[in-house]
Amino acid sequence: MWIGWLEFDILLGDVHSLKQKRSVLRPLVAELARKLAVSAAETGEQNLHRRAGVGVAVVAGDRQHVVNVLDAAERLVAARPEIELLSARRGLRRSTDE
């Protein structure tokens with residue numbers, strides 16, 4: 001079994017409250033989960049208006065499938081015009097790794 005994850009550091013555009021921030025992040029997280037069948041959530045910088053951390057995780061039996069899904073998730077986030085992707089940290093492990 002292969003486990004892959006991404007941690008996105010995101011800068012939001014014209015956002016002046018936590019409520020506006022959530023109105024941008026909630027659809028992004030839902031789209032990641034719906035289109036790519038991944039687990040996704042807001043994971044960091046939850047008290048800052050313009051910064052956000054979003055995490056994505058995927059599990060599959062094939063390494064290449066995990067890599068393809070993570071690549072697609074990164075492209076999806078980077079293509080959103082209302083956010084700026086500052087960085088994406090990636091991890092990939094096999095369940096038998098120690």
> What is the minimum heavy-atom distance between V77 and I10, and which atoms define it?
Replying inline: CG1-CD1, 4.2 Å
>> Please give me the minimum heavy-atom distance between A60 and V66, naming the atom from each residue.
In response: CB-CG2, 3.7 Å
> Apart from L11 itself, what residues make up its hydrophobic cluster when side-chain heavy atoms of I, L, V, M, F, W and Y under 4.5 Å apart count as a link, directly or indirectly?
Replying inline: L86
> Tell me, do F8 and L85 make a side-chain contact under 4.5 Å, heavy atoms counted?
Replying inline: yes
> Do the side chains of V38 and W5 join up, straight or via other hydrophobic residues, at under 4.5 Å, putting them in one cluster?
Replying inline: no
>> According to side chain to side chain donor-acceptor pair (under 3.5 Å), who are the partners of R80, at least two apart in sequence or on a separate chain?
In response: E31, E82
> Sequence neighbours excluded, which residues qualify as side chain to side chain donor-acceptor pair (under 3.5 Å) partners of D14?
Replying inline: H16
> Among all residues two or more places apart in sequence or in another chain, which pass the side chain to side chain contact (heavy atoms under 4.5 Å, CB included) test with V67?
Replying inline: R63, Q64, D71, R90, L92
>> With a 4.5 Å cut-off on side-chain heavy-atom distances among I, L, V, M, F, W and Y, is there a chain of contacts connecting L36 to V58?
In response: yes
> Is it the case that one hydrophobic cluster holds both L70 and I3, taking links as side-chain heavy atoms less than 4.5 Å apart, direct or via other members?
Replying inline: no
>> Do T43 and E7 have side chains that approach each other closer than 4.5 Å (heavy atoms only, starting at C-beta)?
In response: no
> If you measure from CG on L25 to CD on E42, what distance do you get to the nearest 0.5 Å?
Replying inline: 5.0 Å
> Is the side chain of R50 donor-acceptor paired with the backbone N or O of L12 at a distance under 3.5 Å, no angle test?
Replying inline: yes
> Residues two or more places apart in sequence or in another chain: which of them pass side chain to side chain donor-acceptor pair (under 3.5 Å) with Q20?
Replying inline: none
> Looking at V29 and A40, what are the two nearest heavy atoms and their distance?
Replying inline: CG1-O, 3.3 Å
> Quick one: NZ on K19 to NE2 on H49, what's the gap to the nearest 0.5 Å?
Replying inline: 13.0 Å
> What residues, two or more places apart in sequence or in another chain, satisfy side chain to side chain donor-acceptor pair (under 3.5 Å) together with R75?
Replying inline: none
